[in-house]
Amino acid sequence: MTTLPDRHATALVIVDVQNDVMVGVHERERVIDNIVSLVSRARETGTPVIWVQHSADQELNFGTDGWKLLEALPVASSDPIVHKKHGDAFEDTTLEELLTAAEAGHVLVAGAQTDFCVRSTLHGALVRGYDVTLVSDAHTTEDLTKWGAPLPEQVIAHTNLYWDNQTAPGRTAAAVATADIAFT
């Protein structure tokens with residue numbers, strides 16, 4: 001249903017599952033396990049897996065240990081890694097080129113942090129014409145309540161709720177649990 005003609009494939013986009021990003025996040029191990037499961041199932045069907053890696057001058061300095069993707073992730077040497085400096089993984093990156101080459105009109109999104117880069121990437125994909133599925137139990141965030149944010153589990157639940165009810169002409173949006181993701 002994507003508005004991108006002749007793009008019938010799906011791609012799995014994993015956002016910012018990096019050492020420093022994943023410190024103290026909500027249900028860290030469950031989210032990592034779900035991401036590993038998604039990647040394994042994507043590989044079985046030939047679905048492209050694209051990793052996104054954030055860097056910033058004050059935090060997550062490029063090349064540092066905190067910037068690196070978690071060792072627990074099954075990153076293959078052939079997997080593309082998109083380097084970004086903005087919340088939206090499409091902004092000033094190669095992500096759109098990679099999705100075009102894969103003929104992907106549908107993206108599955110998982111990763112961190114729910115209330116920043118995951119949300120920005122979801123919206124970035126939808127406004128660019130992609131069908132977008134948020135993997136509802138494969139994204140997470142840290143506790144930012146001291147700055148007035150809701151509890152992490154509330155941020156995650158709210159994001160799942162509003163994304164599952166998101167609409168755009170000629171595109172679909174959904175929040176779907178890992179076990180219910182159908183790779184074809």
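Note that CG of Leu98 is 5.0 Å distant from CD1 of Ile50, once rounded to the nearest 0.5 Å. The CD atom of Gln53 sits 5.5 Å away from atom CD1 of Ile81, with the distance rounded to the nearest 0.5 Å. To the nearest 0.5 Å, atom CG of residue Asp20 and atom CG of residue Leu60 are 5.5 Å apart. Between the CG atom in Leu108 and the CD1 atom in Ile14 there is a gap of 8.5 Å [rounded to 0.5 Å]. Interatomic distance, Leu99 CG to Leu4 CG, rounded to the nearest 0.5 Å: 9.0 Å. Taking CZ from Arg43 and OG from Ser78, the interatomic distance works out to 6.5 Å, rounded to the nearest 0.5 Å.
By the salt bridge (Lys or Arg N to Asp or Glu O under 4.0 Å) test, Asp88 is found to be paired with Arg128, residues two or more places apart in sequence or in another chain being considered. With sequence neighbours excluded, no residue forms a salt bridge (Lys or Arg N to Asp or Glu O under 4.0 Å) with Asp180. Not counting sequence neighbours, the partners of Glu27 by the salt bridge (Lys or Arg N to Asp or Glu O under 4.0 Å) test are Arg30. With sequence neighbours left out, the side-chain contact (heavy atoms from CB on, under 4.5 Å) criterion links Ser40 to Glu44. Residues that satisfy the side-chain contact (heavy atoms from CB on, under 4.5 Å) test with Ala112, not counting sequence neighbours, are Val21, Met22, Thr140. Not a single salt bridge (Lys or Arg N to Asp or Glu O under 4.0 Å) links Arg28 to another residue, sequence neighbours left out. Every residue two or more places apart in sequence or in another chain was checked for a side-chain contact (heavy atoms from CB on, under 4.5 Å) with Glu103, and none qualifies. For Tyr162, the ring-ring contact (aromatic ring centres under 6.0 Å, His included) partners two or more places apart in sequence, or in a different chain, are His123, His158. Residues forming a side chain to side chain donor-acceptor pair (under 3.5 Å) with Thr45 (at least two apart in sequence, or on another chain): Thr47.
For Val127 against Arg171, the heavy-atom pair with the smallest separation is CA-NH1, 3.9 Å. Residue Ala42 comes nearest to Val49 through the heavy atom pair CB-CG2, 3.8 Å, listed as atom of the first residue, atom of the second, then distance. Looking at every heavy atom in both residues, Ala89 comes nearest to Val52 through CB-CG1, 3.8 Å. Annotation for Pro152 and His26: closest pair CB-CB, 3.6 Å, computed over non-hydrogen atoms. Across all their heavy atoms, Phe90 and Thr121 have their closest contact at CE1-O, 3.9 Å. Taking both residues in full, the closest heavy atoms of Lys84 and Cys117 are given as NZ-SG, 3.1 Å, listed atom of the first, atom of the second, then distance.
By the rule that hydrophobic residues join a cluster once side-chain heavy atoms approach within less than 4.5 Å of another member, Leu122 and Val31 end up as members of separate clusters. Hydrophobic clustering places Val13 together with Val118 (ILVMFWY residues linked when any side-chain heavy atoms are closer than 4.5 Å, directly or through intermediates). The hydrophobic clustering, which links ILVMFWY residues whose side-chain heavy atoms are closer than 4.5 Å, places Leu134 and Ile181 apart. No path of Ile, Leu, Val, Met, Phe, Trp and Tyr side chains, each step under 4.5 Å between heavy atoms, connects Leu161 with Leu151, placing them in separate hydrophobic clusters. Hydrophobic clustering (ILVMFWY, side-chain heavy atoms < 4.5 Å, transitive): Val82 and Tyr130 are in one cluster.
Looking only at distances, no side-chain donor or acceptor of Trp163 sits under 3.5 Å from a matching main-chain atom of Ser136.
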- Go through His106 and Thr133 one step at a time and tell me if the side-chain contact (heavy atoms from CB on, under 4.5 Å) criterion holds. CA-CA 8 Å; His106 178 216; Thr133 300; 2.8 Å; yes
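Counting Ile, Leu, Val, Met, Phe, Trp and Tyr side chains that sit under 4.5 Å apart, directly or through other members, Leu144 shares a hydrophobic cluster with Phe116, Trp147.
Listed by first and then second residue, the salt bridge (charged side-chain N to carboxylate O under 4.0 Å, His left out) pairs involving residues 143-168 amount to none (not counting sequence neighbours).
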N/O donor to acceptor pairs below 3.5 angstrom from side-chain atoms of residues 64-76, sequence neighbours left out:
residue : atom : partner : partner atom : Å
Thr64   : OG1  : Asn61   : O            : 2.8
Thr64   : OG1  : Trp67   : N            : 3.4
Asp65   : OD1  : Lys68   : NZ           : 3.2
Trp67   : NE1  : His54   : O            : 3.4

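Between Asp92 and Lys85 the shortest side-chain heavy-atom distance does not fall below 4.5 Å.
Of the options Asp115, Asn160, Asn34, Thr159, a side-chain hydrogen bond (donor to acceptor under 3.5 Å, both in side chains) to His139 is made by Asn160 and by none of the others.
For Asp137 and Thr178, the side-chain atoms include at least one donor-acceptor pair closer than 3.5 Å.
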